[in-house]
Amino acid sequence: MMGINQTPEQKARDQIDKQLNACGWIIQNKKEINLSAGPGVAIREYQTDAGPADYVLFVDGKPVGIVEAKREEEGVHLTVHEDQAKDYADSKLKYLNNDPLPFVFESTGELTRFTDYRDPKPRSRPVFSFQRPETFRNWLKSGNTLRASFTDLPELPKDGLRDCQINAIHNLEKSFRKNRPRALIQMATGSGKTYAAVTFIYRLLKFTKANRILFLVDTKNLGEQAEQEFMAYLPNDDNRKFTELYNVQRLSSQYIAPDSQVCISTIQRLYSILKGEELDESAEEVNPAERNWKGRTPLPVVYSDKIPLEFFDFIVIDECHRSIYNLWKQVLDYFDAFLIGLTATPDNRTFGFFNQNIVSEYTHEQAVVDGVNVGFDVYQIDTQISRKGGVIWKGEYVDHRERLTRRKRWEQLDEDKTYSSKQLDKDVVNPNQIRLIIKTFKDHLPEIFPDRFDDKGEFEIPKTLIFAKSDSHADDIINIVREEFGEENRFCKKITYREDDPKSILAQFRNDYYPRIAVTVDMIATGTDVKPLECLLFMRDVKSRNYFEQMKGRGTRIIKLDDLKKVTPSVKFTKDHFVIVDAIGVTRSLKTDSRPLEKKPSVPLKDLLAAVAVGARDEELFSSLANRLIRLEKQITEKEKVVFLEKSGGKSIPQIAKELLQAYDPDVLAEMVQKVKSENPGASPVFVEEKIREKHEAILGNAARVFNGELNQYIENVRKVHEQVIDHINPDRLLHVGWDAENQEMAEGLIKDFTTWLEENKDEITALQIFYNQPYRLRELTYAMIKELNDILKTDKPALAPLHVWHAYELLEETNGSPRNELVALVSLIRKACSMDIELTSYDKTVDRNFQTWVMNRHKGNAPKFNDEQMEWLRMIKEHISGSFHLDRDDLDYAPFDANGGVGKMWQLFGDEMDELIKELNEVLVA
C-alpha cells in the first residue's frame, strides 16, 4: 500500500492495479519479472523502443497488450492518447523481437477504452474493466476476431421467413459489419420478433466467432416463452433443432453451465448473479417497468470474476422499451457485448439508448396491411358511475368488506361517502356498475359479432379477455360474468401470476373451448399470447401509450380459420379484426410515452419492497420504506405483528425500520469511516475508499436482507385487509353504447398530432418549407412535391392520412367543400394549419374563388375582356391547378390541353401574353 500523499497519476495506477488484479492479472515491477507466476502478468514501466510503457500485458509468457495509464482528469481526452498507446504497442520491447501487440487500453482507473487492432477498421470502445488473460489466450488461438468474422455470414436463406423478418436480419447483420455496438429491431406484436431473433442467433453461433449469447427478458414468463421458441426452432439448413445443436440454459439460480451457448435470464436475476446474491423467484414475476420506484442512482455494479465483462458476445434484450433504463442501465453497460433490442413499441428513450440505429421499423399498421396482424374496431360502453362515481348518504346501511378475506359486516354510515370514478373498485365497489357493464356487453355481443350463431341459432361467445384493476376487482367481475351469462365456473376464469398454476388456465384459454372469458390483472404485457382471442373488454384505464399498445397486442395475432374453429366452432370467416370494448374510456384517455423522470409520484409500498428485493439500495428508497413501515406498525393488530415476526426471522417492524434508517445515518457512517481509517493507517486513499464502500455495502445488505418474497408478500397484503364499502344502493345508468364515432377528443388529438408533425418537419420537406417559410414561392409548388410530402406523411404517421384528418375537422367545425382526393385534402389542411385559410376549405374551392376574383379584376373598367374561347382555356388551366397545384408550359402538350390544340392553340389565343399569363395564374390561384 502506498502513502496518502499520492499524485493523481499514482491514484489512477492504484485503481488500475486493483482492476487488473480483479480480472486475473498478476502485477509485477520491471525489476521483479516472473512470467511463469500465472497465465496473465502485467509488468509496470516495461521499456520499449518508444520509451517505458505504463503496463505491458503478457499471456503465457508472451506479450499481448499495452495499458496506457492517465490521471482521472484525462478521461475526457482518452481518445487523444490512442496514438501514444498504439506507438508503444507497435514498438519493440526490450530484449524481445515481438510483433505489434494487438490489445491496447487507455485507462484512468475510472474510465477505460479498449482497441483490438486485429479487427477490420480497429475502433476503441469503452469497457467496464479489463478482459481476463484466458480471454486473450482464446482470442489469439481462434485466429479471426469476432468483428472480422461478420464477413463470413452467408446470404440469408429466405424460406420460412416473412419479409419483415428478412429485412430485420439483413439490416442487423449489415449493422454488425459496420461495427455498430447497439441496434434496435422494431417489429409489431405478432410479426415474429422472437423467431427472427432465434434465427440471427443461430447464424451468429454457426458462422461467426460468437461463443455465448444472452437473451435478456424482464419477466420469468417471457423467459419461459423464449426457451420454448429455442426448443422448437428448426433451421432451414439443418434437420436438427436448435437445442440439439447448441446448449440453451434458462437461468434459475446462481449457476451458469460453462458450456451454455445461449443463456436466457431476467435482468433481475442477471444482476443478482453479478452481485453473488440469491434472488427470490417472485422478483421475476413482474417486469421492473411496472414498478413505480425509480431510484436516484443506478444500481451499483462491481466486477465479477464469475461473469467477466467479456462473458457474452451479444445481448438480445426482449421488450427492450421497458426495463433498460434507470436502475438497470449499468447492468448492460457492464458487458463488452453487442446490444440488440427487440420491441413493438419503442419510445424516444429507446431510440436514444440504441444510438438511433434502427435496423427494422415494422409497425402495427404495416403488419395489418401485410396480413401479419389484424386491426381492431372500438365499441363504447359508457355508464354514469364509471364516469362520475357516486354518493352514499349518511345513515344508509351498507356492507363493509375486507379485501383479502372477503369477510363482510353490515354497518350504518356515520357520514356521507362520496367516491370518484378513480376510487371505484378500490375504496368503494358498486356491483351495479360492474353488472350493468357486463349485462350491456352480453346484450350487445350479437351486434358486435353478428355472424356467431351456430346451427341451432344459439349465440357463441367469442374468446374474450377482460382487463381488471385488481385481484379483488377481478373476483367481482368473474362472479357477475357467470351470473349474467348464466354459465358455470369453467366459462369464466382468472389468469394471474397469483394463481397456483396460471399456465394451465392460460393454456386452456388458448387451446380449449372453455374458458370463453378470462379476466386478468397482471398478465398484460408479459406474453399472454392467445391467437383465438377476438375481444378485449377494458374495465381499467391505463395512461402509458406503450403499456396500452402491449395490452392491445393481446388481440392482434392472426390465426388460421381451421385453428380458430377448434376453439370457436361457429366462426365462419378467418379472424380479420378484433374488437376493443371500452367500458372505462381507455381509448379516449390521454396517453404518454413514458413517465417524466423529474416527476416523483407517490410510490406504492409493493414497489418499494420489490426495488429492495432486486438490489436497489438508494438512501431515498431506504428512508421511504422505513417511514412506510413505521406507519404500518400503527395500523396492524397485535396478532398481525406476531405473524410479521415469524416471517422476518424474529425482527420487529421498529427494528427493521431502524436498520434501514441507520444505513445512511451520518453519525453511523462517520463512525464506520473513522474505524476503517484507524484499522488501516498509512493506506492509500483508493484502498481506504474501497474498504469504506465494502463496509457500507455490508450495512446496506444487512438492512435489506430481511425483505424476501414471503415477507414482502405479507407486508403488501396485510395493508389490504382494510375494508371496501359496497355500494348496493346507487343504481348505475347507461349513458351511451355503440360503435365508437370520431368523437371530439379523438378528433382534437388527431388534428393536434397532424399540426405538430407539420411543425416538426417544416424545415425538412420542400413543400412544407414553401408553405411555412417562403409563401411567396407558392407558384413553384408542384404535384411531385405534394405527392412526396403525402408519401412521407403516410409512411411516418399512417394515422394522419389527409382524409382522416379532414374527417376530424368535420366533426369539430364547419368545412367548405369536399376534397376530390387526398392530395387536395393535404394542401387544404396545410393551408388551414398555416392560417392561410380561416375556415378549412377544399383547395379546389379556394382556386375557384381566386379565379373568379382574378377574372373580375381583369374585366374591370375599360380593360379588354376575355372572349368565350379564351375563358374556356382559362377554366381548363384553373381545373389543372386545382388538382395538380401548378402549370408548366410543357403541361400544355398533355390532356386536356392537347385535345384542344395544345401550346399552339394557346399561343394563338393569347399571343405574347401566354407565358406571363401562366405565371400570373400560378401565383394568384394558389394565394
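Just so you know, residue 1 is the first one in the sequence shown, and it goes up from there.
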Next on the checklist: Under the criterion side chain to side chain contact (heavy atoms under 4.5 Å, CB included), I'd like the reasoning laid out for Leu789 against Met785: C-alpha separation, chi angles, the key distance, then a yes or no.
Outcome noted: CA-CA 6 Å; Leu789 171 60; Met785 291 179 188; over 6 Å; no
Item to check | Residue of the set Glu764, Glu760, Glu759 for which salt bridge (charged side-chain N to carboxylate O under 4.0 Å, His left out) holds with Lys762 | outcome: Glu759
Check residues 196-213 and write down every donor-acceptor pair under 3.5 Å in which the side-chain atom is one partner and the other belongs to a residue at least two apart or another chain.
from: Thr199; atom 1: OG1; to: Tyr195; atom 2: O; distance (Å): 2.8
from: Thr199; atom 1: OG1; to: Tyr233; atom 2: OH; distance (Å): 3.2
from: Tyr202; atom 1: OH; to: Lys206; atom 2: NZ; distance (Å): 3.3
from: Tyr202; atom 1: OH; to: Asp237; atom 2: OD1; distance (Å): 2.5
from: Tyr202; atom 1: OH; to: Asp237; atom 2: OD2; distance (Å): 3.4
from: Arg203; atom 1: NE; to: Glu173; atom 2: OE2; distance (Å): 2.6
from: Arg203; atom 1: NH2; to: Pro154; atom 2: O; distance (Å): 2.5
from: Arg203; atom 1: NH2; to: Glu173; atom 2: OE1; distance (Å): 3.0
from: Arg203; atom 1: NH2; to: Glu173; atom 2: OE2; distance (Å): 3.4
from: Lys206; atom 1: NZ; to: Asp237; atom 2: OD2; distance (Å): 3.0
from: Thr208; atom 1: OG1; to: Leu204; atom 2: O; distance (Å): 2.6
from: Thr208; atom 1: OG1; to: Ala210; atom 2: N; distance (Å): 3.2
from: Lys209; atom 1: NZ; to: Ser142; atom 2: O; distance (Å): 2.9
from: Arg212; atom 1: NE; to: Ser260; atom 2: O; distance (Å): 3.1
from: Arg212; atom 1: NH1; to: Phe311; atom 2: O; distance (Å): 3.0
from: Arg212; atom 1: NH2; to: Pro258; atom 2: O; distance (Å): 3.2

Checklist entry - Hey, is Asp791 close enough to Lys787 for a salt bridge, meaning N to O under 4.0 Å? => result yes
Item to check | Among Phe354, Phe150, Phe312, ring pair (Phe, Tyr, Trp, His ring centres under 6.0 Å) partner for Phe338 | outcome: Phe150
Checklist outcome for this item: Residues at least two apart in sequence or cross-chain that pass side-chain hydrogen bond (donor to acceptor under 3.5 Å, both in side chains) with Ser360, listed by chain then number, are none
Next on the checklist: With a 4.0 Å cut-off on N to O distance, would you call Arg118 and Asp116 a salt bridge?
Outcome noted: yes
Checklist entry - With a 3.5 Å cut-off and no angle check, do the side chains of Ser149 and Asn144 form a donor-acceptor pair? => result no
Checklist outcome for this item: Closest non-hydrogen atoms of Leu533 and Lys575, given as atom of the first, atom of the second and distance, are O-NZ, 2.6 Å
Checklist entry - Hey, do the aromatic rings of Tyr334 and Tyr271 have their centres closer than 6.0 Å? => result no
Checklist entry - Do you see a donor-acceptor pair shorter than 3.5 Å between the side chains of Thr135 and Glu310? => result yes
Next on the checklist: Testing the basics here: between Ala188 and Asn373, what is the closest heavy-atom pair and its distance to 0.1 Å?
Outcome noted: CB-ND2, 3.7 Å
Checklist entry - Should we say atom CG of Asn511 is surrounded by more than 12 heavy atoms from elsewhere, each under 6.0 Å from it? => result yes
Item to check | Distance-only donor-acceptor check, side chains Arg182 and Asn355, under 3.5 Å | outcome: no
Checklist entry - Heavy-atom count around Lys552 NZ within 6.0 Å, excluding the residue itself: above 12? => result yes
Checklist entry - At their closest point, which heavy atom of Thr363 faces which heavy atom of Gln186, and how far apart are they? => result CG2-NE2, 4.0 Å
